[in-house]
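Take a look at the structure set out below.
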Amino acid sequence: MSEEEATEESVADEEDKADERDVIDPSEFPTLDLTLEEARRQYDDEETRRDTVENKIGIVVTVDALLISFGALFNQGLHPLALVVILLPALVSAGLGLHAIRSRDYERPGKNIWDFYDYSEYDNVDAQREQLLLDYVRTTGKNKEKNDPKFGVFNICIKLTFVSLVLLLITPVASEFGILNTLRHFTLDVLHQLF
């Protein structure tokens with residue numbers, strides 16, 4: 001490998017590391033106070049991420065409920081199986097979303113009052129701050145592990161909601177041109193041949 005390729009690879013690795021939300025290294029800051037302040041900020045950022053993704057999922061679940069309601073109301077003339085196929089993505093999206101935003105036990109530094117009491121028993125203020133810093137780092141990491149999958153579920157919910165919306169919007173057009181009847185007969189023929 002040439003020196004230029006090695007340098008480019010090293011720069012790419014450093015950029016990847018910079019993009020990750022790694023736990024802070026206390027030695028990178030001149031004082032423990034600054035480190036503790038940064039740990040608190042990252043903890044607060046993670047709490048904000050949780051609130052944001054849960055609010056977004058809540059909006060998608062609401063849209064899914066509207067799609068299901070209006071889809072069932074305005075497509076009563078459809079075959080029940082066709083209606084289920086059209087609304088199934090919205091149903092799955094709503095179910096996944098509700099599962100993702102269910103109550104969970106999020107980590108907090110000093111979860112109970114006795115933990116804070118324990119901090120006050122330290123003889124050295126720096127040791128107390130260091131322990132609090134370690135608690136912030138630990139809880140921020142655990143909360144991140146709980147929040148990251150929610151963003152994946154959110155993306156899946158958006159896609160499923162979009163599919164259901166598209167199916168609902170093309171249903172009247174497909175019905176007008178007789179495409180639904182053709183699909184229905186084709187599906188029934190296939191099912192008769194299989195069974």
Side-chain angles (χ1 to χ4, degrees), residues 1-65 89-163:
M1 180 183 326
S2 72
E3 186 177 323
E4 184 178 300
E5 291 174 345
T7 304
E8 289 176 5
E9 186 174 298
S10 173
V11 169
D13 288 343
E14 288 177 23
E15 289 175 355
D16 288 341
K17 288 178 184 175
D19 289 341
E20 294 177 1
R21 294 178 63 151
D22 289 340
V23 175
I24 59 173
D25 179 12
S27 66
E28 293 177 7
F29 293 91
T31 67
L32 194 53
D33 286 333
L34 288 175
T35 307
L36 186 56
E37 183 180 320
E38 176 63 15
R40 286 180 182 143
R41 188 190 62 75
Q42 286 191 6
Y43 175 82
D44 291 341
D45 287 349
E46 199 59 41
E47 288 291 306
T48 302
R49 280 183 76 224
R50 179 190 74 191
D51 292 341
T52 300
V53 73
E54 287 182 355
N55 287 337
K56 288 180 177 182
I57 290 173
I59 291 168
V60 172
V61 168
T62 302
V63 170
D64 289 332
L91 287 167
V92 171
S93 174
L96 286 173
L98 290 173
H99 180 72
I101 61 175
R102 72 188 185 282
S103 294
R104 291 205 179 134
D105 188 24
Y106 279 88
E107 299 290 324
R108 299 184 67 194
K111 218 175 214 182
N112 67 46
I113 194 66
W114 298 112
D115 290 342
F116 286 108
Y117 179 75
D118 290 343
Y119 293 135
S120 67
E121 290 182 343
Y122 282 92
D123 293 332
N124 183 341
V125 172
D126 286 339
Q128 176 193 35
R129 290 179 181 152
E130 186 174 345
Q131 183 58 48
L132 187 57
L133 170 66
L134 292 173
D135 287 347
Y136 267 112
V137 169
R138 178 186 57 80
T139 57
T140 300
K142 287 188 177 184
N143 288 347
K144 184 176 181 344
E145 289 173 6
K146 292 177 183 176
N147 288 337
D148 287 346
K150 287 184 178 185
F151 280 96
V153 169
F154 171 69
N155 289 332
I156 291 169
C157 288
I158 287 287
K159 291 173 185 171
L160 289 170
T161 301
F162 179 75
V163 168

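Put simply, the side chain of S93 never gets that close to the backbone of P89: no donor and acceptor are under 3.5 Å apart. Of the possible polar contacts, one joining the N143 side chain to the E107 backbone as a donor-acceptor pair under 3.5 Å is found. At distances below 3.5 Å, not a single donor-acceptor pair connects side-chain atoms of R40 with backbone N or O atoms of E37.
Electrostatic pairing of D45 and R41 counts as a salt bridge here, judged by a charged N lying under 4.0 Å from a carboxylate O. Between E47 and R50, at least one side-chain nitrogen of the basic residue sits less than 4.0 Å from a carboxylate oxygen of the acidic one, meeting the salt-bridge criterion.
Distance OG1/T52 to CZ/F151: 6.5 Å, rounded to 0.5 Å. Interatomic distance, C157 SG to I59 CD1, rounded to the nearest 0.5 Å: 12.5 Å. Atoms CG and CG, from L36 and L133 in turn, are 6.0 Å apart once rounded to the nearest 0.5 Å. Taking CG of L134 as the start and OG1 of T139 as the end, the distance is 10.5 Å to the nearest 0.5 Å.
Around atom NZ of K146, more than 12 heavy atoms belonging to other residues, nucleotides or ligands sit under 6.0 Å away. A 6.0 Å sphere centred on CZ of F162 holds no more than 12 heavy atoms belonging to other residues, nucleotides or ligands.
Q42 and E46 share no side-chain donor-acceptor pair at under 3.5 Å.
Residue A100 comes nearest to V153 through the heavy atom pair CB-CG1, 3.7 Å, listed as atom of the first residue, atom of the second, then distance. The two atoms that bring F154 and V60 nearest to each other are CE1-CG2, 3.8 Å, heavy atoms only. Heavy-atom minimum distance, I57 versus K150: CD1-O, 3.7 Å.
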